[in-house]
Protein chains: 2
Amino acid sequence: MMDTMSNGGAGDMGVALLSRPALAVQVADALRELIMEGAIKSGEKIREKELTERFGVSRTPIREAMKILASEGLIELIPNRGAIISERSEEELADAFPVLAALEALAGEQAARRATDAELAEIVRLTVELRASLERQDRPHYFEINQAIHKAILVASRNETLMRSHATIAGLVHRARYQANLTRSRWEQALAEHERIAEALSARRADEVAALLKTHMMGKLAAILPGRGGPAD
Amino acid sequence: MMDTMSNGGAGDMGVALLSRPALAVQVADALRELIMEGAIKSGEKIREKELTERFGVSRTPIREAMKILASEGLIELIPNRGAIISERSEEELADAFPVLAALEALAGEQAARRATDAELAEIVRLTVELRASLERQDRPHYFEINQAIHKAILVASRNETLMRSHATIAGLVHRARYQANLTRSRWEQALAEHERIAEALSARRADEVAALLKTHMMGKLAAILPGRGGPAD
DNA sequence: GAATTGAATTATGAATTCATTATTCATGTC
DNA sequence: GACATGAATAATGAATTCATAATTCAATTC
C-alpha cells in the first residue's frame with residue numbers, strides 16, 4: 001500500500017519539501033489527467049473502491065478529489081449513486097466553444113498589450129515551427145505546438161483569473177476531439193489564421209488579435225461539428 | 001445536534017424527497033452565500049471546528065465543501081494551516097473584471113440571437129424599472145434590478161457553460177464592492193448604457209449588444225478602481 | 001415462464017479516530 | 001531583558017468505522 005502516492009517521510013522525492021499539496025489535490029490532478037487524456041471513457045461509472053486501489057490511498061481524499069472535479073463539471077455526482085464522467089453532448093460542446101473563444105480573444109487582447117517583446121518573439125517562433133510541422137505532415141507535433149502557442153498567449157495575458165477560467169473550460173472540451181476532423185484544407189486555413197494572429201500580436205494590435213482568435217476558435221468548432229459552428233449561430 | 005441541516009428521516013421537509021443533495025454541497029452553498037454576502041470578512045481564517053458547530057455536521061462534509069470553494073477560488077487552502085477567505089487584491093479585481101466583461105459580452109451576443117420575444121420584452125421592462133429606481137434614488141432597488149437584468153441576459157443566452165463560468169467569476173468579485181463609489185454621474189451613465197443595451201437587444205443586433213456590455217462592465221471597473229479600468233487598460 | 005417482492009450484497013454518505021504538522025507558551029540562556 | 005529552544009496544545013490530513021441507500025439476485029406467485 002501507499003505505492004503510488006507516498007505521503008509519509010519527508011525525504012521522499014527530494015523536492016517539494018515545503019508544503020506538499022494535500023493528497024486530495026494530487027488525486028484530483030491525476031484523475032483530471034486521466035479523464036482529459038481519455039484513459040477513462042465518457043459515460044463510464046467511477047467506483048471509489050477502484051480509485052482507492054489504483055492510487056493506494058483511502059476513500060477520504062478520493063471523495064474530496066471527486067468533489068473538486070464535480071465542481072469543475074468534469075464529472076457528475078449523483079447522490080448515493082456515485083460519479084460518472086460527464087458526457088459532452090454536441091450541444092454542450094457547441095456551448096463551450098464560444099466561451100473558450102471569448103476567453104482566448106480576451107487573452108489575445110491583453111497579451112497584445114502586456115506581453116514582453118521576448119514573449120512575442122517566442123510566439124512568432126512557435127508559429128514558424130507550426131508551419132514546419134504542417135509541411136512535414138507531422139500532426140502530433142503540429143498539435144503540440146498549437147497547444148503551446150495558445151498557452152503562451154494565455155501566459156502573456158498576465159491574467160491569473162483568465163487562465164483559471166480557460167483551463168476549466170478547456171478541460172470540458174477535452175483534446176481527443178481536436179485531432180479528429182482535421183482535413184487538409186482546414187489545416188491550411190488554421191495555420192494561416194495562426195500566422196495572422198502572430199503578426200497582429202507582434203504589432204500589438206489588440207482588437208485585431210481578439211477578433212482573429214475568436215474566429216480561429218469558432219473555426220475549430222465548425223471543423224468538429226459541421227453545421228453548428230457558423231458565425232451566425 | 002443536527003439542528004441546521006437535518007439529513008435524517010425522509011419526511012423532514014415534505015419536499016425534495018428524491019435525491020437530496022449531499023450535505024457537503026449544502027454546506028458549500030451556505031458557505032458561499034456567507035462569503036458573498038460579506039458575513040465572513042476577507043482575509044479571515046476559517047476554522048473547521050467553528051463551521052462544525054455552526055452547521056451542526058461533522059468535519060467530513062465541511063472539508064469536502066472547502067475543497068469545492070477552494071477550486072472556485074473563493075477560499076485559499078494552505079496545507080496543514082487551514083483556509084482563509086481569499087483577499088481580492090486590486091490587481092485580482094482588475095484581472096477578473098475583463099473576464100466578466102468578456103463573458104457578459106458573449107452572453108449578450110448569444111441572447112440577441114436566441115432569446116424569445118418574451119424574454120426580450122422582460123429585459124426592456126426591467127430596464128424601464130431601472131430608470132424608475134434611479135429617479136426615486138432607490139439604490140437598493142436599482143441594485144436589485146440591475147442584477148436581475150444581467151441575470152436575465154445570461155439566462156437568455158441559453159448557454160449553461162457560460163452561466164457556470166460567469167457565476168464563478170462573479171463570485172470572486174463579490175457584490176459588496178458594487179454599491180460603493182457610485183457617483184450620480186456614473187449612475188446616470190450606467191443607466192444610459194443599460195437603455196442602449198436593451199434597445200440593441202430588442203433589435204437583436206448581436207455584435208452591438210456584445211460591445212455595449214463589454215464597455216458597460218469595464219465602466220463598472222473604472223468606477224470601482226479609478227485609474228485602472230480604462231479601455232486602454 | 002415472466003414478473004414482482006424481499007433479502008443479501010455492495011456502494012456511498014457521514015462520523016469518528018488516529019497521526020502529523022503548526023502554533024503557542026514557558027523556561028532557560030546569553 | 002530579549003531571543004532561542006522545547007514541551008504542550010490545537011488544528012488539519014487521512015484512515016477507519018458506522019449508517020443508509022441502491023442494486024442485484026433469488027424465490028415465490030400469477
Side-chain angles (χ1 to χ4, degrees), chain A residues 1-13 16-31 40 43-71 75-85, chain B residues 1-13 16-31 40 43-71 75-85:
Chain A
M1 238 144 266
M2 278 296 194
D3 274 352
T4 321
M5 298 187 175
S6 171
N7 203 37
D12 268 21
M13 311 181 177
L17 290 175
L18 36 141
S19 80
R20 184 187 4 261
L23 258 188
V25 175
Q26 293 182 50
V27 170
D29 288 345
L31 250 179
I40 305 180
E44 196 165 333
K45 226 173 140 181
I46 306 179
R47 249 170 284 276
E48 292 182 0
K49 191 145 176 283
E50 288 177 26
L51 299 180
T52 288
E53 287 158 12
R54 189 198 278 255
F55 293 121
V57 296
S58 83
R59 276 180 55 218
T60 307
I62 300 275
R63 298 188 69 246
E64 289 174 355
M66 306 244 282
K67 289 289 190 304
I68 294 176
L69 298 180
S71 82
I75 65 176
E76 216 162 323
L77 244 43
I78 304 161
N80 299 321
R81 282 203 274 178
I84 56 169
I85 309 283
Chain B
M1 241 141 265
M2 275 298 194
D3 274 353
T4 322
M5 298 186 176
S6 171
N7 202 37
D12 268 18
M13 313 181 176
L17 289 176
L18 37 139
S19 79
R20 182 187 4 261
L23 258 188
V25 176
Q26 293 181 50
V27 170
D29 288 344
L31 251 179
I40 306 181
E44 199 166 331
K45 228 173 139 180
I46 306 178
R47 249 171 284 277
E48 291 182 0
K49 190 144 176 282
E50 288 177 25
L51 298 180
T52 288
E53 288 157 11
R54 189 199 277 256
F55 294 121
V57 297
S58 83
R59 277 179 55 216
T60 308
I62 301 275
R63 299 188 67 244
E64 289 174 353
M66 307 244 281
K67 289 288 189 303
I68 295 175
L69 298 181
S71 83
I75 65 177
E76 214 162 323
L77 247 41
I78 304 162
N80 298 319
R81 284 205 274 178
I84 56 169
I85 309 285

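The structure presented is a predicted model; accordingly, all values stated were derived computationally and were not measured.
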Once side chain to side chain contact (heavy atoms under 4.5 Å, CB included) is applied, do any residues pair with [X], and if so which ones, sequence neighbours excluded?
X	answer
B/Arg81	B/Ile78
B/Asn80	none
A/Lys45	A/Arg47, A/Ile84

* Asked: Mapping B/Glu64 and B/Lys45 onto DNA chain C by nearest heavy atom, which one lands closer to the 5' end?
  -> B/Glu64

Spacing between [X] atom [atom1] and [N] atom [atom2], to the nearest angstrom:
X	N	atom1	atom2	result
A/Glu50	C/dT10	CD	P	14 Å
A/Ile62	C/dG13	CD1	P	13 Å
A/Lys67	C/dA14	NZ	C1'	10 Å
A/Leu77	C/dT12	CG	P	10 Å

* Asked: Mind checking what makes side-chain hydrogen bond (donor to acceptor under 3.5 Å, both in side chains) contact with B/Ser71, not counting sequence neighbours?
  -> A/Ser71

* To do: Test for a donor-acceptor pair under 3.5 Å between the base of C/dA14 and the side chain of B/Ser58, counting only N and O atoms.
  => no

Contacts under 3.5 angstrom, residues 55-63 of chain A side chains, donor-acceptor by atom type, not counting sequence neighbours:
{"from": "A/Ser58", "atom 1": "OG", "to": "A/Thr60", "atom 2": "N", "distance (Å)": "3.4"}
{"from": "A/Arg59", "atom 1": "NE", "to": "A/Glu48", "atom 2": "OE1", "distance (Å)": "2.8"}
{"from": "A/Arg59", "atom 1": "NH2", "to": "A/Glu48", "atom 2": "OE1", "distance (Å)": "3.2"}
{"from": "A/Arg63", "atom 1": "NE", "to": "A/Glu48", "atom 2": "OE2", "distance (Å)": "3.3"}
{"from": "A/Arg63", "atom 1": "NH1", "to": "B/Glu64", "atom 2": "OE2", "distance (Å)": "2.6"}

* Heavy-atom closest contact (A/Ala28 atom, A/Leu69 atom, distance) -> O-CD2, 3.8 Å

Between the protein and nucleotides 7-12 of chain D, which nitrogen or oxygen pairs are less than 3.5 angstrom apart?
{"from": "D/dT12", "atom 1": "OP1", "to": "B/Glu48", "atom 2": "N", "distance (Å)": "3.4"}

